[in-house]
**Q** 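One structure, as structure tokens, below. Some questions next.
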There are 2 protein chains.
Amino acid sequence: MTDGRTRRREDTRQRLFVAAVELIAEQGFSATTVDDIAARAGVAKGTVYYNFESKTVLFEELLRHGIGLLTADFRAAVAGLPPREALASLVRAELEYIRRYRAFAQLLLSEMWRTNREWQQTLRLLRGEAIEVIAETVRAGVASGDLPADLDVRTASSALFGVGLVVAVDWLVFQPDRPIEDVQEALLGIVRRVAQT
Amino acid sequence: MTDGRTRRREDTRQRLFVAAVELIAEQGFSATTVDDIAARAGVAKGTVYYNFESKTVLFEELLRHGIGLLTADFRAAVAGLPPREALASLVRAELEYIRRYRAFAQLLLSEMWRTNREWQQTLRLLRGEAIEVIAETVRAGVASGDLPADLDVRTASSALFGVGLVVAVDWLVFQPDRPIEDVQEALLGIVRRVAQT
DNA sequence: ACTTCTAAACTGACTGGTCAGTACAAAAAC
DNA sequence: GTTTTTGTACTGACCAGTCAGTTTAGAAGT
């Protein structure tokens with residue numbers, strides 16, 4: 001299974017993902033050329049097309065991969081915790097994720113609210129999966145009375161997701177000198193206050 | 001000054017702004033062609049170049065124009081109000097602005113955190129101007145004791161700005177059936193809680 | 001071992017299309 | 001009669017995607 005061939009190929013794909021995510025985060029999908037991606041990954045252009053059907057498919061698989069990791073982190077973060085603590089744990093997980101994959105987070109923030117793009121449907125779906133984890137937690141909290149009864153589940157969930165993203169990326173882009181721990185504290189404080197019954 | 005000629009020209013420029021903002025919000029700057037913009041504005045391509053030096057300059061002037069309006073709204077919103085009320089008024093002004101110029105808000109959200117683009121410097125500057133209005137209010141509130149003393153002015157200001165943007169656009173894109181008043185209520189509630197001393 | 005053989009992985013020059021920007025004569029608006 | 005807009009045609013750069021050819025890993029033969 002993991003002979004030299006597949007390992008080599010997996011390595012190439014990984015390098016292409018890394019190159020693509022950085023460039024697209026900086027410039028956007030359209031402004032990033034396949035030649036750029038290939039050059040940054042240190043492979044020939046043909047290799048990109050040997051490994052991915054098209055530029056769009058590369059990006060879609062990248063989104064799937066990245067958000068898949070995030071969803072998994074979310075799931076792990078809430079596992080077995082009561083609603084309030086689960087919520088705080090989610091915020092921590094999200095920020096930790098953004099810290100580790102900052103380029104991907106930046107990309108997500110920039111492409112998330114676009115319309116009329118080929119991969120929009122894919123992104124919408126994946127976003128739904130990640131947010132569903134948050135929604136489950138909020139729903140459980142509202143049902144058990146741990147969270148305010150008037151909290152709208154769908155709204156609160158997507159707001160929580162988006163707010164973490166925007167606050168963290170804003171910090172990274174405009175105030176990179178500051179440690180991420182400060183954002184975490186600020187956000188946790190806000191979430192805690194909002195979650196008060 | 002406002003003879004028929006300049007008015008007509010101003011009208012053309014306005015139509016080009018509207019066309020450009022819609023297309024760029026949907027597709028992004030690079031994916032939007034000058035031919036598209038001209039067609040949507042109902043104008044010949046040559047007219048675009050008669051009125052604007054280049055596609056990039058058109059976009060930069062668009063940013064200047066749009067954020068200029070927002071900054072003016074912000075200034076008007078806080079004028080003469082004590083810190084707490086000024087803050088609530090700012091949130092209302094921001095959401096009102098987003099409701100009126102939703103395409104521009106969407107565009108702003110998508111392009112705000114980009115790096116390595118020609119117009120990035122312009123955007124950074126304009127963002128600073130808009131946020132400065134918020135910052136002045138927060139600063140005054142912290143100084144007078146109306147707002148929590150441990151509030152970091154720079155952080156709180158940019159967070160407030162970004163959060164309004166992301167929550168409103170998220171609602172517009174993913175839950176357009178809901179009235180914006182709900183977002184306003186939710187956001188005001190959050191801001192009020194956070195602003196509590 | 002050590003040489004073939006084979007298929008997978010990779011290469012980079014090339015193609016066809018797209019697009020920003022130009023040119024300019026004629027028309028329309030003022 | 002001056003400014004603004006139109007319409008069409010054009011150029012040159014750029015770029016997604018292709019493909020014939022090269023390299024490489026490792027299997028098969030000896």
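Atoms considered below: every heavy atom in the structure, side chains included; atoms not considered: hydrogens, waters and symmetry mates. The chains referred to below are lettered A, B, ... by the order of the sequence lines, with proteins before strands, and numbering in each begins at 1.
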**Q** Measuring from the side chain of B:Lys55 (C-beta onward, heavy atoms only), which nucleotide among C:dT11, C:dA20, D:dC15 has the closest atom?
**A**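 Nucleotide nearest to B:Lys55's side chain: C:dA20.
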**Q** For residues B:Asp146 and B:Ser144, is any side-chain donor paired with an opposing acceptor at under 3.5 Å?
**A**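 Yes, side-chain donor-acceptor contact under 3.5 Å.
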**Q** Compare side-chain N and O positions of A:Tyr50 against OP1 and OP2 of C:dA9 and report whether any pair is under 4.0 Å apart.
**A** yes
**Q** At 4.0 Å (heavy atoms only), tell me whether A:Val48 reaches a base, stays on the sugar-phosphate, or touches nothing.
**A** nothing
**Q** Under 4.0 Å, heavy atoms only, any strand: does B:Thr32 hit a base, just the sugar-phosphate, or nothing?
**A** sugar-phosphate
**Q** Check the distance between C:dA8's C1' and A:Asp11's CG and give it to me in whole angstrom.
**A**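 After rounding, the reported distance stands at 16 Å.
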**Q** Under 4.0 Å from OP1 or OP2 of C:dG21: is there any side-chain N or O of B:Tyr49 that close?
**A** yes
**Q** Under the 6.0 Å and 45° cation-pi test, does B:Lys55 pair with B:Tyr49?
**A**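 Output no; distance or angle outside limits.
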**Q** Please state how far atom CZ in A:Phe52 lies from atom P in D:dT18, giving the value in whole angstrom units.
**A** 16 Å
**Q** Taking 4.0 Å as the cut-off, does a side-chain nitrogen or oxygen of A:Asn51 come that near to OP1 or OP2 on C:dC10?
**A**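 Yes, such a contact exists.
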**Q** When the distance from CD of A:Glu10 to P of C:dC10 is rounded to whole Å, what number comes out?
**A** 11 Å
**Q** Walk me through whether B:Phe59 and B:Phe17 qualify under side-chain contact (heavy atoms from CB on, under 4.5 Å).
**A** CA-CA 8 Å; B:Phe59 186 55; B:Phe17 275 162; over 6 Å; no
**Q** What integer distance in Å separates A:Phe59:CZ from D:dA16:C1'?
**A**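 Result: 16 Å.
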**Q** According to a strict under-4.0 Å criterion, is A:Thr47 in side-chain N/O contact with OP1 or OP2 of C:dA9?
**A** no
**Q** So, under a plain 3.5 Å distance rule, would you say the side chain of A:Lys45 forms a donor-acceptor pair with the base of D:dG17?
**A** yes
**Q** Let me spell it out: for each of B:Glu53 and B:Ala31, pick the nucleotide of DNA chain C with the closest heavy atom. Which residue's pick is nearer the 5' end?
**A** B:Ala31
**Q** Consider the side chain of B:Ser54, meaning its heavy atoms from C-beta on, and name the nucleotide among D:dT6, C:dC10, C:dG21 that approaches it most closely.
**A** C:dG21
**Q** Of all the choices, D:dT6, C:dA20, C:dT11, which nucleotide is nearest to the side chain of B:Ala44 once you look at every atom?
**A**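 It is D:dT6.
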**Q** Would a 4.5 Å heavy-atom cut-off, applied to side chains only, mark A:Leu70 and A:Phe104 as touching?
**A** no
**Q** For a quick test of reading the model: is some side-chain N or O of A:Arg9 closer than 4.0 Å to OP1 or OP2 of C:dA9?
**A**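 Yes, within the criterion.
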**Q** Is B:Leu165 close to A:Val166 at the side-chain level, that is, under 4.5 Å between some pair of heavy atoms?
**A**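 Sidechains of B:Leu165 and A:Val166: no contact.
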**Q** What is the separation between atom CG on A:Leu16 and atom P on C:dC10, rounded to the nearest whole Å?
**A**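 Distance, rounded to whole Å: 9 Å.
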**Q** How close or far is atom C1' of D:dA16 from atom CD1 of A:Ile37, stated in whole angstroms?
**A**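 Checked: the CD1 to C1' distance equals 11 Å.
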**Q** In whole Å, I'd like the distance from the CG atom of A:Asp35 to the P atom of D:dA13.
**A** 16 Å
**Q** Any side-chain heavy atom of A:Leu62 within less than 4.5 Å of one from A:Leu16?
**A** no
**Q** What does B:Thr33 touch in the nucleic acid at a heavy-atom separation under 4.0 angstrom: a base, only the sugar-phosphate, or nothing?
**A** sugar-phosphate
**Q** Measure from CZ on B:Arg7 to P on D:dT3 and round the result to the nearest Å.
**A**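 It works out to 19 Å between those atoms.
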